[in-house]
Amino acid sequence: MSASTLLHFPAGFQWGAATSAYQIEGAHDEDGRSPSIWDTFARQPGRVLEGHTGDVACDSYHRIEEDVALLKQMGAKVYRFSVAWPRVVPSGRGAVNAKGLDYYSRLVDALLAADIQPMVTLYHWDLPQCLQDEGGWEVRETAHAFVAYAEAVFKALGDRVRQWITLNEPWCSANLSNQIGEHAPGQRNHQATLAVAHHLLLAHGLTVRRFRELKLPGEIGMAPNVDWREPYSQSQADIDACRRGLEWFNNWYLDPIYFGHYPEEMLERYAELGARPPVQDGDMAIIASPTDFLGINYYTGSYTLAPDVPPQLKRSGDAKAELAALLGASTVDVPGFELTDIGWAIYPEGFYRVLLWLRDRYGNPPVYITENGACYNNGPDGDGRVRDNKRIAYCQRHLIAMHRAIRSGCNVRGYTLWSLLDNFEWAWGYTMRFGLVHVDFATLERRPKDSFHWFASVIRRNAVEPGEAGRLAF
Ligand code: FCB
């Protein structure tokens, strides 16, 4: 293919890869780190597949040089990683643990020496267990404890880090964890969900304000996960159900930070179940404190199909049934679409659409795609090579969707692929692999997959080759 047919990205586009602390670091009890809610959860029988824990993970705590060398080899301009609160403030609030901070400081130095910008997430789900014991995110004090922790990180790394993310995927920390029960702490309770969501948002807003007060250079934003939902048909019932699903998943976190209020219809429906966010005077203005960018994690989408007889929205005490009634819908995978190995539908068109939707609804903020990537579990072939063509095809299609969005005027500035390494995939343990680099969890050996080399060529050319995805078989 001639170079002229490449789809180019804007000059200076920020390519890189992403990880998070609990998923890669290991060293769970070293240098003063205290347990997080994920250490506790992973030890509860039946919570994580095969009883896996993050005790060792990829051992990245001891492998700064090796991991940074991989990023360098890839040509990454940026590395998105998260800081573990239980390493930095092991008692949740109060004393700062210099040893814990030192690890991140060394990581930042190694990245900068390799000419890679650090992008730091302050919260990627690893709440100190001692704070959970006091009510966790359900209680307002946790938001204040978070700001103090964030300030310690700002003061230690703020001279070198220019991009900050307050929260990763608050929908997961609130809804997946407290309404659906699949993530730590693992409960099903609507009121708890709304309290957790509100205090997370409050923590975000307070942290943005503190960042401004400290007059640190650089930018700050949040990284919610968005998905895209299409009405299954143009029947009014499907359209209404789809709107509710988006309000529940996307707008619940985005409307407060851009508009300073929760989505009206979902708020009313939650109230029917007796659940309300614990908003105090002034909270919404804090939450809506202006940010510099929006981080977006996108993996999948679905069609929304309203049932013939919508479930009645009433309190029954059965949280699962109540949630179905709240949404008044079921989602169905887009017919004919392939699933990745984790069972998520491959829906690049949804990526394009959600970027346009963000552009139009929220005033076209600067966007970084903070996560996108695919789960495929194949390992090395006999010759030692990991031929993960399916991952390449998935990413290729999503990069084309992103390119279409940019050409449509969306203000997308960067893309950090999930993930640099195969790692601890939460409730799936080590059974689900998202890495560009294969990790042998027995030896911890790292091995770049074919997708790693493909992504390196995307970065080098700052472009995708449109025909390539079509040639790679699913
Ligand atoms: C996202 C998480 C990330 C990773 C990917 C696959 O929801 O932010 O930690 O698990 O999914």
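Residue numbers run from 1 in the order of the sequence given. Note that ligands are numbered from 1 as they come in the structure, with each ligand's atoms numbered from 1 the same way.
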In the protein, what heavy atom is nearest to atom 7 (O) of ligand 1, and what distance, to one decimal place, separates them?
-> E169 OE1, 2.5 Å
R404 NZ/CZ over Y352 ring centroid, <6.0 Å and within 45° of normal = yes
Among all protein heavy atoms, pick out the one at the shortest distance from atom 5 (C) of ligand 1; state its residue, atom name and that distance to 0.1 Å.
-> Y299 OH, 3.3 Å
Based purely on interatomic distance, does S20 place a nitrogen or oxygen under 3.5 Å from a nitrogen or oxygen of ligand 1?
-> no
Does Y299 have its ring centroid less than 6.0 Å away from the ring centroid of W418?
-> no
Should the pair W85 and Y149 be assigned to parallel (<30°), tilted (30 to 60°) or perpendicular (>60°) ring geometry?
-> parallel
for atom 3 (C) of ligand 1, nearest protein heavy atom and its distance come out as E371 OE1, 3.4 Å
Nearest option to atom 8 (O) of ligand 1, as decided by whichever heavy atom of N168, T370, N423, N372 sits closest = N168
Shortest protein contact, atom 10 (O) of ligand 1 (heavy atom only) = E425 OE1, 2.7 Å
So, H183 versus W38, ring centres under 6.0 angstrom or not?
-> yes
Has N225 got any heavy atom lying under 4.0 angstrom from an atom of ligand 1?
-> no
Any idea how F154 and W164 line up, ring-wise: parallel (<30°), tilted (30 to 60°), or perpendicular (>60°)?
-> perpendicular
Does an N or O anywhere in Q23 fall below 3.5 Å from an N or O of ligand 1?
-> yes
